Amino acid sequence: QVQLVESGGGLVQAGGSLRLSCAASGRAFNTYAMAWFRQAPGKEREFVSAINRLGNDIDYADSVKGRFTISRDNAKNTVYLQMGSLKPEDTAVYYCASRQWGAASTRRIDYDYWGQGTQVTVSA
């Protein structure tokens, strides 16, 4: 089992940047594909980005392509989401998720473990 703890959220002005981190406890972090999802008030949780075990297969939602970058450091058991050119519509709770042995996926159902989320608020 793996436990995920997100950090790095906060309040930022439109056009600004934030870096989210997701620290994983437990063993064998390098066997897990990792992803970021987000959920805005009144909306369903949606895919943001995913990265495979080795970090050589990455996917992004169209809404964040060119603005967000996902990366991982297997030595630190951590996955990151660098967010730039932030927009008010990026405001949401951002969740980290993991799935063991599987490929990076855009589907919520494919992920086994979830963090508690970190709030990102972008002001106009």
Side-chain angles (χ1 to χ4, degrees):
Q1 186 173 356
V2 62
Q3 293 181 325
L4 305 173
V5 179
E6 302 96 336
S7 62
L11 174 64
V12 64
Q13 289 187 332
S17 299
L18 280 176
R19 188 176 82 155
L20 305 183
S21 300
C22 173
S25 65
R27 300 179 180 179
F29 178 71
N30 61 0
T31 66
Y32 289 86
M34 303 296 295
W36 290 94
F37 287 77
R38 67 186 182 186
Q39 188 166 17
K43 295 187 177 181
E44 291 192 355
R45 194 170 298 188
E46 65 175 6
F47 170 75
V48 176
S49 184
I51 187 168
N52 71 340
R53 298 184 293 116
L54 300 179
N56 58 3
D57 182 20
I58 289 173
D59 200 1
Y60 295 100
D62 287 343
S63 59
V64 307
K65 277 180 182 176
R67 301 189 298 120
F68 291 11
T69 302
I70 192 171
S71 62
R72 66 188 295 159
D73 186 337
N74 286 346
K76 294 183 178 180
N77 284 14
T78 302
V79 63
Y80 305 97
L81 185 68
Q82 179 68 48
M83 306 187 295
S85 302
L86 283 162
K87 306 174 182 180
E89 50 264 44
D90 294 318
T91 295
V93 177
Y94 282 71
Y95 296 91
C96 176
S98 67
R99 64 182 303 219
Q100 193 170 27
W101 296 119
S105 172
T106 64
R107 304 192 311 164
R108 287 171 52 188
I109 196 173
D110 288 335
Y111 291 89
D112 305 306
Y113 300 104
W114 294 80
Q116 293 300 305
T118 185
Q119 176 71 47
V120 171
T121 303
V122 184
S123 63

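Not measured: the values here are computed from a predicted model.
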Worksheet entry | Gln3, CD atom: more than 12 neighbouring heavy atoms under 6.0 Å | no
Worksheet item: Counting N and O atoms only, with roles assigned by atom type, does the side chain of Asn52 sit under 3.5 Å from a partner on the main chain of Asp57, one being a donor and the other an acceptor?
Response: yes
Item to complete: Measure across Tyr60 and Thr69 and return the closest heavy-atom pair with its distance rounded to 0.1 Å.
Response: OH-CA, 3.3 Å
Response to the item:
Interatomic distance, OG1@Thr121 vs CG@Asp90, rounded to 0.5 Å, equals 11.0 Å
Discussion item. Please evaluate residues Val79 and Tyr32 with respect to the criterion side chain to side chain contact (heavy atoms under 4.5 Å, CB included), reporting the C-alpha separation (whole Å), side-chain torsions for both, the decisive distance (0.1 Å), and the verdict.
Written reply: CA-CA 11 Å; Val79 63; Tyr32 289 86; over 6 Å; no
Worksheet item: Roughly how far, to the nearest 0.5 Å, is the CE atom of Met34 from the CD1 atom of Ile70?
Response: 8.0 Å
Response to the item:
Shortest non-hydrogen pair, Glu6 vs Gly117, comes out as OE1-N, 2.9 Å
Worksheet item: Linking I/L/V/M/F/W/Y whenever their side-chain heavy atoms sit closer than 4.5 Å, directly or via other members, would Tyr113 and Phe47 fall into one cluster?
Response: no
Discussion item. Test of understanding: clusters of I, L, V, M, F, W, Y form through side-chain heavy atoms closer than 4.5 Å, transitively. Do Trp114 and Ile51 belong to the same one?
Written reply: no
Worksheet entry | CZ-CD distance between Arg38 and Glu44, expressed to the nearest 0.5 angstrom | 14.0 Å
Worksheet item: Ala50 and Tyr111: which non-hydrogen atoms are nearest, and at how many Å?
Response: CB-OH, 3.7 Å
Worksheet entry | For Ser85, side chain to side chain donor-acceptor pair (under 3.5 Å) partners two or more places apart | none
Discussion item. Please report the interatomic distance CG(Asn77) to OG(Ser25), rounded to the nearest 0.5 Å.
Written reply: 8.5 Å
Item to complete: Determine the minimum heavy-atom distance between Tyr80 and Asp73, stating which atoms define it.
Response: CE1-CB, 4.1 Å
Worksheet item: Between Val2 and Gln100, is a side chain to side chain contact (heavy atoms under 4.5 Å, CB included) present by the stated rule, with each step listed?
Response: CA-CA 10 Å; Val2 62; Gln100 193 170 27; over 6 Å; no
Discussion item. Could you go through Glu89 and Val122, starting from their C-alpha distance and side-chain angles, then the distance that decides it, and tell me whether this counts as side chain to side chain contact (heavy atoms under 4.5 Å, CB included)?
Written reply: CA-CA 8 Å; Glu89 50 264 44; Val122 184; over 6 Å; no
Worksheet item: Distance from Asp112 atom CG to Ile109 atom CD1, nearest 0.5 Å?
Response: 10.5 Å
Item to complete: Applying side chain to side chain contact (heavy atoms under 4.5 Å, CB included), run through Met83 and Arg67 and close with a yes or a no.
Response: CA-CA 6 Å; Met83 306 187 295; Arg67 301 189 298 120; over 6 Å; no
Discussion item. With a sphere of 6.0 Å drawn around CD of Gln119, does it hold more than 12 non-hydrogen atoms of other residues, nucleotides or ligands?
Written reply: yes
Worksheet entry | Minimum heavy-atom distance between Leu81 and Ser49, given as atom pair plus value | CD1-CB, 4.2 Å
Worksheet item: When clusters are formed by joining ILVMFWY residues with side-chain heavy atoms under 4.5 Å apart, either directly or through shared neighbours, do Val64 and Val12 land in the same one?
Response: yes
Discussion item. Check whether Phe37 forms a cation-pi arrangement with Arg108 (NZ or CZ under 6.0 Å from the six-membered ring centre, at most 45° off the ring normal).
Written reply: no
Discussion item. How long is the straight-line distance from CZ of Phe68 back to CG of Leu86, given to the nearest 0.5 Å?
Written reply: 5.0 Å
Worksheet item: For the residue pair Gly115 and Tyr95, what are the closest heavy atoms and their distance?
Response: O-CD2, 3.6 Å
Taking only distance into account, with no hydrogens and no angle test, what donor-acceptor pairs under 3.5 Å do side-chain atoms of residues 13-24 form with protein atoms, sequence neighbours excluded?
none

